[in-house]
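Please read the structure below before turning to the comments.
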Amino acid sequence: MSRSRRGTSIFSDFGSVLTAKGTARYDFSPAFALRGTVSNGFRAPTLAEEYYSAVNIGPGYVYGQLPANSDAAQLLGFSRLKPEKSTNFSLGMVAHPAPALQLTVDAYQIRIRDRIVGSGDLFGSNGSTIVSQAVLDALAARRISLADATSYAGIDIFTNGADTRTRGVEATASYASDFGDAGHVDWSLGVNHNKTELTRLIDLPAAVYNAAQGQTALMTRYAIDALTTATPRMKVIAGATWNRGPLSVDLRETMYGETSQHLSPDGSGSGTNARLVTIGTTFITDLDVGYKVTPAVRFNVGASNLFDKQAPQMPTIVANGVTRPLLNNVYRAAIAFTPMGDQRGLLLRAADVQVLTSTGPAPISRGRAGAGGPCDRR
């Protein structure tokens, strides 16, 4: 069996985009099938990416976020934003090797072209040195005074600056166990391993480029890591749902693989004080208990991050004789690229009341009950 789909989306600010998807599946037997998909897609620039602007002025510096679609951005040689476009391939199998057991394995590749990325710091001046007169002119065109820029002046900007390629394999397994009067358990396992590579990075426009001052690349090491290594390459989710009469218990364990990113005080990820910060493999446990009071009403209570796994803190360095955070100026702050988020364990003591209908559960109220426990979010 095979099928295809095609559609055209029209946008007032950048025209039309044609997308299509084709899928095919061949069943060799009721127990085994091969499947594949080829598709393309797009992501339109957000309003914030196109038009957001800001300026920070402090003692000795002026720094601005230029709107990507502004005339000032065009003065620097940056083009107006266009949609990201992707091409996706997947090939896999579905198997039923035993009653109540299903296995799937799919290999995939996702290529994203003209990815919208934030630039690194692009300086117009550094002290009395002119790094890029065009940057200073662009700030002036936005009517931003440079009178306070005795130390430095610069900008950031969004642009279609990179192409990436993600290759990976995803596998799932599900199995149902019936223990008679002891209840029924649905087991599940999902594994995903992928790797994202930067395949193209556009050059800085000539008006901004300055090799003598080290201004030679659009993205910093920090920004490149954010695309390639700051998210886990490996993720595993194992779950078990036990049902016995009106009672159900859902236990889920998530494993996040190693992540890493180059960090430095100036945010570039490079320089004398730069460090490669690594977060090792992390396990997070979630638990949910439900009770069906009537055939139409069910209460749920659960805990996210049951064992209060905390995000690692930003390391410190000694710079000019002063101990300070490696990035930003907040001591004991959570590392931003922590895969499970920077919140502590959250015990959900709120009752989730659901009315069960023919189309599925519909939450109608949520109320807090009882005193907070040691895993409550503070």
Side-chain angles (χ1 to χ4, degrees), residues 48-79 81 117-159 161 201-226 261-275 277 314-333 336:
E49 289 169 337
E50 289 182 303
Y51 299 110
Y52 174 73
S53 65
V55 60
N56 292 316
I57 299 177
Y61 71 88
V62 174
Y63 214 87
Q65 172 77 39
L66 283 190
N69 284 6
S70 65
D71 292 337
Q74 319 311 308
L75 287 175
L76 298 178
F78 290 100
S79 301
L81 290 184
V117 297
S119 71
D121 297 332
L122 303 177
F123 291 99
S125 64
N126 186 6
S128 60
T129 302
I130 302 298
V131 180
S132 169
Q133 184 61 48
V135 169
L136 300 179
D137 293 342
L139 288 168
R142 300 286 296 175
R143 299 183 179 180
I144 298 172
S145 172
L146 300 175
D148 291 312
T150 56
S151 294
Y152 64 87
I155 62 157
D156 293 323
I157 193 169
F158 287 110
T159 188
L201 185 63
I202 68 169
D203 296 329
L204 274 181
V208 181
Y209 184 93
N210 189 325
Q213 294 297 317
Q215 189 156 283
T216 59
L218 174 70
M219 295 176 66
T220 63
R221 185 65 181 270
Y222 171 88
I224 292 174
D225 286 352
Q261 191 169 21
H262 287 83
L263 305 180
S264 64
D266 64 0
S268 69
S270 303
T272 305
N273 292 314
R275 291 187 188 176
V277 177
M314 180 67 65
T316 59
I317 60 170
V318 178
N320 300 321
V322 178
T323 300
R324 55 153 295 165
L326 178 58
L327 180 65
N328 298 323
N329 294 311
V330 181
Y331 288 85
R332 295 185 295 277

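For clarity, every value in this text was computed on a predicted model and none was experimentally measured.
- Looking at P205 and L76, their side chains never come closer than 4.5 Å, going by heavy atoms from C-beta outward.
- Summarising the geometry of Q65 relative to I157, their closest heavy-atom pair is NE2-CA, 3.6 Å, with the distance given to 0.1 Å.
- Counting only distance, with no hydrogens or angles, the side chain of Q215 and the backbone of A211 share no donor-acceptor pair below 3.5 Å.
- The heavy-atom pair separating S264 from G269 by the smallest distance is OG-N, 2.8 Å.
- At distances below 3.5 Å, not a single donor-acceptor pair connects side-chain atoms of S53 with backbone N or O atoms of P67.
- Just one residue in the list N328, N273, T272 forms a side-chain contact (heavy atoms from CB on, under 4.5 Å) with P265, and that residue is N273.
- Atom CG of L327 and atom OG of S268 lie 9.5 Å apart (nearest 0.5 Å).
- One distance of note links CG of L218 with OG of S119; it measures 6.0 Å at 0.5 Å rounding.
- In this structure, OG1 in T159 is found 11.0 Å from CD in E49, a value given to the nearest 0.5 Å.
- Here the closest heavy-atom approach between residue G120 and residue D156 is recorded as O-OD1, 3.2 Å.
- For the pair L204/L122, a side-chain contact is recorded, criterion being any heavy-atom separation below 4.5 Å from C-beta on.
- Heavy-atom neighbours of D71 CG from other residues, nucleotides or ligands within 6.0 Å: at or below the threshold of 12.
- Here T323 contributes atom OG1 and Y331 contributes atom OH; the two are 7.0 Å apart, rounded to the nearest 0.5 Å.
- I144 CD1 to I57 CD1: the interatomic distance, rounded to the nearest 0.5 Å, is 7.0 Å.
- Judged purely by atom type and a 3.5 angstrom limit, Y61 has no side-chain atom pairing as donor or acceptor with the backbone of A153.
- Judged by distance alone, with hydrogens and angles left aside, the side-chain atoms of Q74 form a donor-acceptor pair with the main-chain N or O of A68 at under 3.5 Å.
- Looking only at distances, no side-chain donor or acceptor of S132 sits under 3.5 Å from a matching main-chain atom of G124.
- A distance of 5.0 Å separates CG in L81 from CG in N69, rounded to the nearest 0.5 Å.
- When each of V322, L263, L326 is paired with I317, the side-chain contact (heavy atoms from CB on, under 4.5 Å) condition holds for L326 and for no other.
- Looking at heavy atoms from C-beta onward, R142 lies out of side-chain contact with V55 at the 4.5 angstrom threshold.
- A donor-acceptor pair under 3.5 Å is formed between the side chain of Q261 and the backbone N or O of Y222.
- Between F158 and V117, every side-chain heavy-atom pair lies at or beyond the 4.5 Å cut-off.
- Closest heavy-atom contact between R221 and S270: CB-OG, 3.7 Å.
- Put simply, the side chain of Y63 reaches to within 4.5 Å of the side chain of D121, judged on heavy atoms.
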